[in-house]
Protein chains: 2
Amino acid sequence: MKENISHSPPETSSARRRLLDTATRLFYSGGIHAVGIDRIIAEAGVAKATFYNHFPSKEDLVLAYIEEQDRLGRAAVAALPKQPPREMIAAIMGRISEAVVAGGWRGCPFLNAAAEYPNPTSPVRQAIDARRAWYHDSLRALLAADGDPDPSVTASLLVAVSDGLLESAYLDDPENIPALVREAVARLLDRR
Amino acid sequence: MKENISHSPPETSSARRRLLDTATRLFYSGGIHAVGIDRIIAEAGVAKATFYNHFPSKEDLVLAYIEEQDRLGRAAVAALPKQPPREMIAAIMGRISEAVVAGGWRGCPFLNAAAEYPNPTSPVRQAIDARRAWYHDSLRALLAADGDPDPSVTASLLVAVSDGLLESAYLDDPENIPALVREAVARLLDRR
DNA sequence: ACACTAACAGACAGGTCTGTATATTGCAAG
DNA sequence: CTTGCAATATACAGACCTGTCTGTTAGTGT
C-alpha cells in the first residue's frame with residue numbers, strides 16, 4: 001500500500017523538481033521546440049529513463065511548465081495585500097514592471113508558447129486560454145467593484161496593454177516600462 | 001553580362017516566388033521551427049537544389065519572409081489616403097481590425113517570430129527591431145503633428161495596444177477587436 | 001546547331017529529435 | 001537478508017532535419 005506519509009523524500013521527488021526547474025529555464029530562454037529532451041536531462045543531471053518515468057512525453061513536460069507558471073502567477077496575485085479595487089488593479093499591473101526590472105526578461109511565457117502551438121485544441125493552448133480567462137475575469141471583477149461602466153471592455157484593454165508592454169519589455173527598451181504601465185493605467189481608467 | 005532588362009521572366013523568378021509564398025503560408029500558420037525545408041519545397045513544387053540556389057540557407061528564407069511582411073505592412077500604410085494626423089492614426093490602428101476579420105489570424109508574425117528567435121543579434125531579430133522602430137516612429141510623428149504633449153510615450157502605448165490586441169485577436173474572441181481598437185484609441189488620445 | 005541556364009527528381013551524408021530498452025547501482029522496508 | 005523501488009548510464013530504433021551532390025530535362029540566345 002505504500003505508506004509514504006512523511007517519509008524520506010516527501011518532496012515531489014528531487015528528480016522531478018530538477019527536471020521541471022531546468023525545463024522552465026531552458027524553455028523560457030531558448031524556446032520550446034528548440035530545446036531537446038537530451039539537453040534538459042543533461043543539465044538536470046537526470047537519466048533519460050527517469051525523465052520518462054516522471055513525464056510520459058515531452059508535451060507533458062511542456063504542459064507542466066505552463067501550468068506551473070500559471071499557478072505561480074495566480075499565487076503572486078493572491079498574495080497581494082488587500083486594498084481598494086483601484087489600487088489593487090494598479091498593483092496587479094505593477095507586477096509587469098517587477099518582472100521586467102529583474103533582468104533576463106524574454107517575453108511572456110504564455111504568449112511565447114502560444115506562438116509555438118498553433119492548434120487551439122492542444123492541452124498547452126487550453127492551459128493558456130484558462131490563464132487568460134482568469135486574468136481577464138480578475139480585472140473585470142475589480143473594475144466592476146470600482147464602478148467602471150463597462151468593466152469587460154476595460155478589462156480587455158488592460159489585458160491587451162499587459163500583453164503589449166510585456167512584449168515591449170522584451171523587444172524594446174525595458175527601462176521605460178514602469179512609467180508606461182503607470183501611464184496606461186491612468187489613461188485607461190481615469191474616465192469616471 | 002546578362003542583359004536581363006525586360007526579358008522573358010523579369011519577375012523575380014517563378015520558383016523563388018512560389019517558395020516565398022509557400023514559406024510565408026507555412027511559417028505563419030505552423031511556426032518557423034516546426035516547418036521543414038522538405039515540406040516547403042514539396043508544397044511549392046520546387047526541387048531542393050533549386051531552393052538552395054535561391055536561398056543559401058533556411059534562415060535566409062526566414063529572413064526574406066520577415067522582411068517581405070515588413071515591406072508589405074509599410075506599403076499598406078503608405079497607401080492610406082492622406083488625412084489629418086488624428087484620422088491617420090485611427091486608420092493605421094484600424095488595420096488591426098481588417099487583418100483580423102479576414103479570418104485565419106494566427107497572431108502577429110513578428111511577435112511569433114521573435115518568440116522563436118531569442119538571440120537579439122540574429123538577422124531575424126534585427127529585422128523585427130527595424131519594423132518596430134518604424135511603427136513607433138510613424139505614430140510618434142503623427143502624434144507630434146497632432147499636438148500630443150508627449151508623443152513618444154503615447155506612441156509606445158499605441159504600439160503596446162497594437163501588439164496586445166493582435167495577440168487578443170489570436171487567443172481570445174476576434175469579434176470584439178474592432179470595438180476595442182476604437183475604444184483604445186479614444187481613451188489613449190482623448191486627453192488634450 | 002551549340003552553349004548556357006534554370007529548373008527538375010532524387011539519393012545521400014551527418015546530425016538531432018523523441019521515445020524505448022537493457023543492465024546496473026544504491027537504499028530502505030519488512 | 002531479500003525484495004522492491006528509484007535512480008543511474010548507455011545503446012538503440014526510427015523519424016526528421018539541413019544541406020550537398022549527381023544526373024536529367026526544357027527553354028533561350030547566339
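Since we're looking at a predicted model, the values are computed, not measured. Naming: A, B, ... by sequence-line order, numbering from 1 per chain.
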Report yes if at least one side-chain N or O of [X] is closer than 4.0 Å to OP1 or OP2 of [N]; otherwise report no.
| X | N | value |
| --- | --- | --- |
| B:H33 | D:dC17 | no |
| B:R18 | C:dC8 | yes |
| B:H54 | C:dA6 | no |
| A:T50 | D:dA6 | no |

Please state how far atom [atom1] in [X] lies from atom [atom2] in [N], giving the value in whole angstrom units.
| X | N | atom1 | atom2 | value |
| --- | --- | --- | --- | --- |
| A:K48 | C:dG19 | NZ | C1' | 7 Å |
| A:R16 | D:dA6 | CZ | C1' | 15 Å |
| A:K58 | D:dC16 | NZ | P | 16 Å |
| A:E59 | C:dC17 | CD | P | 18 Å |
| B:I32 | D:dC17 | CD1 | P | 15 Å |
| B:D38 | D:dT18 | CG | P | 7 Å |
| A:L19 | D:dA6 | CG | P | 15 Å |
| B:D60 | D:dT18 | CG | P | 13 Å |

Legend entry - N-O pairing of A:D129 and A:R132 below 4.0 Å: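 Here A:D129 does not pair with A:R132 in a salt bridge, since their nearest N and O are not under 4.0 Å apart.
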Inset, instruction - Salt-bridge test for A:R16 and A:E68: reply yes if a basic N is under 4.0 Å from a carboxylate O, no otherwise. - result: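 Salt bridge absent between A:R16 and A:E68.
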Inset, instruction - With the side chain of B:V46 defined as its heavy atoms from C-beta on, choose the nearest nucleotide among D:dA7, D:dG19, C:dC8. - result: C:dC8
Inset, instruction - Return the 5'-most residue of the pair A:I41, A:N53 with respect to DNA chain D, ranking by each residue's nearest nucleotide. - result: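 Looking at the nearest nucleotide for each, A:N53 comes out on the 5' side.
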Inset, instruction - Would you check if the side chain of B:Y135 reaches a backbone N or O of B:S162 as a donor-acceptor pair within less than 3.5 Å? - result: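 Here the side-chain-to-backbone pair does not exist.
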Inset, instruction - Verify whether one side chain among A:S57 and A:D60 offers a donor that lies under 3.5 Å from an acceptor in the other. - result: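 Side chains of A:S57 and A:D60: pair found under 3.5 Å.
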Inset, instruction - Ignoring hydrogens and angles, state whether a donor on the side chain of B:R74 or B:S138 is under 3.5 Å from an acceptor on the partner side chain. - result: no
Legend entry - Whichever of A:A49 and A:I37 has its nearest DNA chain C nucleotide further upstream toward 5': A:I37
